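Notes follow the structure.
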Amino acid sequence: MKALQIAGGRRLSGDISVSGAKNAALPALSASLLTTGRVVLHRIPNVVDIRTMSRLIENIGATVATDSGTCCIEAGNDLEPIAPYELVKTMRASSLVLGPLAARCGRARVSLPGGCAIGSRPIDMHLEGLRSLGATIRQDLGYIEAIAPKGGLTGGRISFRRPTVTGTEDMLMAAVLAKGESVLVNAAREPEVVDLANLLRKMGACIEGDGTSTIRVEGVDSLGGAEHSIIPDRIETGTYLIAGAMLGGELRIRDVLPDHLRPVIAKMKQAGSEIEIRDATTLVVRNNRPLVSVDVTTREHPGFPTDMQAQFMALMTQAGGVSNIVETVFENRFMHAPELRRMGANIDIDGNLAVVRGKTQLTGTDVMASDLRASACLVLAGLAAQGRTVVHRIYHLQRGYERLTEKLTGVGASIKIIDV
Ligand code: UD1
């Protein structure tokens, strides 16, 4: 098994370049199933989840050619609209093929995802959405089957019980080929949804209102190929911002879109971090003064992202005072807290509230990663800790952070992959 070994306490200075957003690349790959045309996607991060999605769409019948961050996808006429358990079980975002396949092939058979570390994470809103577009939903043998009516999906009103990111993306991809107008109400406003809408528009789709909670789509008969560059990963950016706030001499984080980080930057500044927006694509962070504790509640965009909650908890262990961290998006997303406690943090959990009392000196030890962002939190804690930290189960990190060890080593960290 592979693990990450970190020798803590090194100051971090220099430049880190951020990769394309995994969570924007996943729906973009899936959107390529909507056309026989060639879809060329730049800035695709080389991480495990992307390789899983590529395998999934190849399994469906598309050809995928990848070369240094650029993916060329062609989904000809011979598609088998099935997402098997073997692939879905490793990545919940596989449900992103439901909408495009139901729209393009009139049928989609997708294995039901199982539970995962951060809660039960159902896909009921994806299914409800497809029903609103006229599909019939059946379930058998652990699979969900969506079947469009004879003439294909028809436009409709999809009202989400709560904003869902992949649910909104999935329904957007279904609606673009449905007959007539669709309205997505209480839609997710995340930048990744907007990036998908931008790609779909380049492919010929008619979409308005993405980035707001009401999205209108006028279905078209067919879509064509397109070329598109994926947005920078705002969660990777935020993770390195926190690394800089904990240990930065001067850490320059390049190829970013600072606007997508607004809620994170605001909270970090409130905690005393020195962050400068140097230009349209560069953020600079320094650790010049003692940090103070601040409270954080995770919310859908433009609120504080749940995908930054774990990393922010690591930061708060280094801030003076009491920080209340409330998780409202997922039901069970504090798995990193007991691991941080093993490193010396003072954290109490009560339901969806974590109370972090700082500042504590963290000390290195063996810790276990439970999900992608929890792993990032433990890496941050390890960078700040005294002595040696070994983060086990790093396959979680490899799902979503491209060249993490190289990027951190490049700015002075001592971090390497070891066999355990
Ligand atoms: C996406 C992101 C993930 C991020 C999350 C919230 C991708 C690939 N993943 O996940 O990194 O943490 O948004 O920002 O983009 N829910 C239901 N029924 C559904 C769908 C969701 O009850 O049909 C619930 C979920 O359990 C959760 C909440 O809605 O409590 C929001 O989840 P959602 O936005 O759908 O998360 P994902 O799209 O899976």
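Here the structure is a predicted model, which is why all the values come from computation and not from measurement. Throughout, numbering of the chain's residues begins at 1 and tracks the sequence. Computed over heavy atoms, backbone and side chain alike; hydrogens, waters and symmetry mates excluded. Counting starts at 1 for both ligands and their atoms, following the listed order.
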Tell me which donor-acceptor pairs under 3.5 Å the side chains of residues 96-106 have, and how far apart each pair is, sequence neighbours excluded?
{"from": "R104", "atom 1": "NH1", "to": "L33", "atom 2": "O", "distance (Å)": "2.8"}
{"from": "R104", "atom 1": "NH1", "to": "T35", "atom 2": "O", "distance (Å)": "3.4"}
{"from": "R104", "atom 1": "NH1", "to": "A75", "atom 2": "O", "distance (Å)": "3.2"}
{"from": "R104", "atom 1": "NH2", "to": "A75", "atom 2": "O", "distance (Å)": "3.2"}
{"from": "R104", "atom 1": "NH2", "to": "G76", "atom 2": "O", "distance (Å)": "2.8"}

Query - ligand 1 contact by R161, heavy-atom criterion under 4.0 angstrom - result: yes
**Report entry** Ligand-residue contact atoms, ligand 1 with H126, heavy atoms, under 4.0 Å
**Finding:** 23 (O)
Query raised in the report: Checking T298 side chain against T306 main chain: does a donor-acceptor pair fall under 3.5 Å?
Result: no
Query raised in the report: Salt-bridged, D140 to R109, with N to O below 4.0 Å?
Result: yes
Query - Residue part near ligand 1, for D124, under 4.0 Å between non-hydrogen atoms - result: both
Query raised in the report: Mind checking whether P122 has a heavy atom under 4.0 Å from ligand 1?
Result: yes
**Report entry** Salt bridge present between R189 and E300 (N-O < 4.0 angstrom)
**Finding:** no
Query raised in the report: Which is it for I230 and L199 under the side chain to side chain contact (heavy atoms under 4.5 Å, CB included) test, yes or no, and what are the steps along the way?
Result: CA-CA 9 Å; I230 301 295; L199 166 63; over 6 Å; no
Query raised in the report: What do you reckon, does E169 have a nitrogen or oxygen under 3.5 Å from a nitrogen or oxygen of ligand 1?
Result: no
Query - Region of E128 engaging ligand 1 - heavy atom pairs below 4.0 Å - result: neither
Query raised in the report: So does D233 pair up with R43, basic N to acidic O under 4.0 Å?
Result: no
Going by atom type alone, with no hydrogens or angles, which donor-acceptor pairs under 3.5 Å involve a side-chain atom of residues 350-357 and a protein atom two or more places apart or on another chain?
{"from": "N352", "atom 1": "ND2", "to": "E327", "atom 2": "O", "distance (Å)": "3.1"}
{"from": "R357", "atom 1": "NH1", "to": "D348", "atom 2": "OD2", "distance (Å)": "3.0"}

Query - Atoms in ligand 1 with a heavy atom of T166 nearer than 4.0 Å - result: 7 (C), 8 (C), 15 (O), 37 (P), 38 (O), 39 (O)
Query - Under 3.5 Å: donor-acceptor pair, side chain of T281, backbone of D255 - result: no
Report task. Using a 4.0 Å heavy-atom cut-off, say whether V165 meets ligand 1 through its side chain, its backbone, both or neither. Result -> both
Requested in this report: Without swapping roles, check the side chain of D210 against the backbone of A197 for a donor-acceptor pair under 3.5 Å.
Outcome: no
Requested in this report: With heavy atoms only and a cut-off of under 4.0 Å, state how H301 meets ligand 1: side chain, backbone, both or neither.
Outcome: neither
**Report entry** Contact atoms of ligand 1, heavy-atom distance to V329 under 4.0 Å
**Finding:** 27 (C), 28 (C), 30 (O), 31 (C)
Query raised in the report: Between R373 and ligand 1, does any nitrogen or oxygen pair lie at a separation below 3.5 Å?
Result: no
Report summary line: Numbered in order shown, the ligand 1 atoms found under 4.0 Å of a heavy atom of T306 are 6 (C), 12 (O), 14 (O)
Query - E402 bridged to K22 by N-O distance under 4.0 Å - result: no
Report summary line: Per-atom filter on ligand 1: closer than 4.0 angstrom to a heavy atom of I123 are 19 (C), 23 (O)
Query raised in the report: With a 4.0 Å cut-off on heavy atoms, does R333 reach ligand 1?
Result: yes
Report task. May I ask whether E192 places a heavy atom under 4.0 Å from ligand 1? Result -> no
Report task. Kindly confirm or rule out an N or O of T164 lying under 3.5 angstrom from an N or O of ligand 1. Result -> yes
Query raised in the report: Relative to atom 21 (C) of ligand 1, which among E300, K22, M125 owns the nearest non-hydrogen atom?
Result: M125
Requested in this report: Please answer whether the main-chain N or O of D279 pairs with a side-chain N or O of T282 as donor and acceptor at a distance below 3.5 Å.
Outcome: no
